[in-house]
Amino acid sequence: MNTGFNHIVWKNNTLYLLDQRKLPLHEEMVECKTVEAVIEAIKCMVVRGAPAIGIVAAYAAVISVNSYLDESESNREIEWREAIATDLDQIEQARPTAVNLMWAVNEMRQLLISVEAKDACNRAHELAVKIHREDIESNTRMAEMACELFADSEGAAFSVITHCNTGSLATGGYGTALGVIRKAWERKLIDQVYADETRPWLQGARLTAWELQRDGVPVTLNADGAAAWLMAEKNIRWAIVGADRITANGDVANKIGTYALAIQARYHGVKFMVVAPSSTIDMQLASGKDIEIEMRTEHELTQFTGHRVAPEGIDVINPVFDVTPATLIDAIVTDKGVVLNPDENSMAALFGESEQD
Ligand code: MRU
């Protein structure tokens, strides 16, 4: 299925990003010609979603390489490897929780260790395009695998609930959890999608609702707090979400509210699926307790569309991710295969060192 828009475009050595802060009301591209501009776009959420920020980080590395090596032979006299390494360190720090960002920067670091100056621009560009293309391919593969898990629905279409935005906008294209939902709708396995609005940034209301409506997938927007009621009242069989980081024991960091959704799902006998490419797996971290959770500005809570809604001087806490323990997860679907009832053994079986090479 063609989702009908390109939100990450590389043209004439410039990166163009669809401004996700402005959707669904305005479709505007932001031009990024410098590494600093890309870092700022990631920080202020022009682009967001774990795989998408990994891809954009890779293009930021291309901008860096081009800026030190593109011009003339004389530029090659400078310590270009060190200059680029400094840029890569900055890019990696744009946001802390989604490991795809660090993964993509590391892929670039590996390339730049051995590449010759004369080949660096082309090779970096090739690698960024490959990371982008492979992310889309992995999404379609994961959608196929996930649909097989719906086989026990005995032919009757059911409803699903999702959280945040995990669609084309959050990835190279198509989507992780939303890719599964797209494919399941195409195959008439599901008949209704409930989209959590996803407080406080409203990724569900702004982005998931927009993407699914464009594709003609029946989507109903709900307040996050309505999820338990929906599970009790509606024919919801699966909660399907993405991930920003999955640790060696199968714990999953994802948008704040995912943990609550998983607890509600378990209580109501709704199955819980996490869909993420292998660039989201972090086998270096033993458990979700080790994941750094991003804290964002209090304005996301004290203001609504630019208007103050909370009293002046109120204390605010705004963690924008949480960790769902592996014990609440029925399936983690990755491009390398499906991990049922994840724990450190089942994760190691698919992502242990020898298996990853
Ligand atoms: O703060 P965001 O919008 O970048 O958070 C995004 C999420 O939490 C997504 O669910 C996650 O990145 C998976 S996207 C395929």
Side-chain angles (χ1 to χ4, degrees), residues 3 7-8 17-21 23 41-57 94-104 132 134-136 138-143 146 161-182 195-212 224 239-246 252-262 272-282 288 291-297 300 318-324 329 332-335:
T3 56
H7 69 110
I8 303 172
L17 301 170
L18 181 60
D19 192 341
Q20 299 193 28
R21 300 167 306 174
L23 290 172
I42 295 173
K43 283 187 172 164
C44 71
M45 315 244 301
V46 166
V47 59
R48 30 66 50 204
I53 61 177
I55 292 161
V56 163
R95 289 188 76 188
T97 305
V99 74
N100 312 62
L101 180 61
M102 296 81 191
W103 172 83
H132 192 169
E134 288 185 351
D135 185 68
I136 302 172
S138 77
N139 287 342
T140 42
R141 248 192 336 275
M142 293 188 295
I161 189 162
T162 191
H163 193 68
C164 197
N165 171 265
T166 60
S168 291
L169 292 166
T171 61
Y174 201 63
T176 56
L178 223 58
V180 171
I181 288 169
R182 286 194 158 101
D196 282 354
E197 63 171 347
T198 317
R199 290 284 303 151
W201 206 81
L202 301 176
Q203 286 91 337
R206 299 188 204 199
L207 309 176
T208 300
W210 181 74
E211 283 200 42
L212 290 183
D224 297 344
I240 310 176
V241 300
D244 287 80
R245 195 184 291 237
I246 303 176
V252 169
N254 192 49
K255 181 53 52 192
I256 191 78
T258 304
Y259 180 23
L261 192 70
F272 198 83
M273 180 193 293
V274 175
V275 188
S278 35
S279 54
T280 308
I281 311 287
D282 185 354
I291 299 174
E292 183 182 349
I293 298 295
E294 180 182 2
M295 296 285 174
R296 289 187 73 87
T297 168
E300 291 182 355
N318 186 21
V320 300
F321 297 98
D322 59 27
V323 175
T324 301
I329 298 166
I332 297 180
V333 177
T334 78
D335 49 318

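In what follows, every heavy atom counts, from backbone to side chain, and hydrogens, waters and symmetry copies are set aside. Ligands are counted one by one from 1 in listed order, and the atoms in each one are counted from 1 as well.
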Can you tell me which residue and heavy atom of the protein come closest to atom 12 (O) of ligand 1, and the distance to 0.1 Å?
-> A50 N, 2.8 Å
Can you tell me which residue and heavy atom of the protein come closest to atom 15 (C) of ligand 1, and the distance to 0.1 Å?
-> T176 OG1, 3.0 Å
Applying a strict 4.0 Å limit to heavy atoms, is [X] in contact with ligand 1?
X: E294; result: no
X: G49; result: yes
X: N254; result: yes

Of all the atoms in ligand 1, which lie at a distance below 4.0 Å from a heavy atom belonging to [X]?
X: F321; answer: 1 (O), 5 (O), 8 (O)
X: T171; answer: 15 (C)
X: A170; answer: 14 (S), 15 (C)
X: D244; answer: 7 (C), 8 (O), 9 (C), 11 (C), 12 (O)
X: Q203; answer: 1 (O), 2 (P), 3 (O)

Please classify the [X] to ligand 1 contact at 4.0 Å (heavy-atom distances, strictly less than): side chain, backbone, both or neither.
X: C164; value: side chain
X: P51; value: side chain
X: K255; value: both

Using the salt bridge (Lys or Arg N to Asp or Glu O under 4.0 Å) rule, take R182 and E211 through it: C-alpha gap first, then chi angles, then the decisive distance, then the call.
-> CA-CA 10 Å; R182 286 194 158 101; E211 283 200 42; 2.9 Å; yes
Does R95, backbone or side chain, put an N or O under 3.5 Å from an N or O of ligand 1?
-> yes
Charged N to carboxylate O under 4.0 angstrom, R199 versus E300?
-> no
Does the pair R245/D282 count as a salt bridge with the N-to-O cut at 4.0 Å?
-> yes
Among T334, N100, D335, D135, which one satisfies side chain to side chain donor-acceptor pair (under 3.5 Å) with S279?
-> N100
Hey, are the side chains of L178 and T208 touching, using non-hydrogen atoms and a 4.5 Å cut-off?
-> yes
Is any side-chain heavy atom of V274 less than 4.5 Å from a side-chain heavy atom of I246?
-> yes
List in chain and number order the residues that pass side-chain hydrogen bond (donor to acceptor under 3.5 Å, both in side chains) with R48, two or more places apart in sequence or in another chain; answer none if no residue qualifies.
-> Q20, N165
Would you please name every residue forming a ring-ring contact (aromatic ring centres under 6.0 Å, His included) with W201, sequence neighbours left out?
-> none
Distance-only polar pair, side chains of D244 and T97, donor-acceptor under 3.5 Å | no
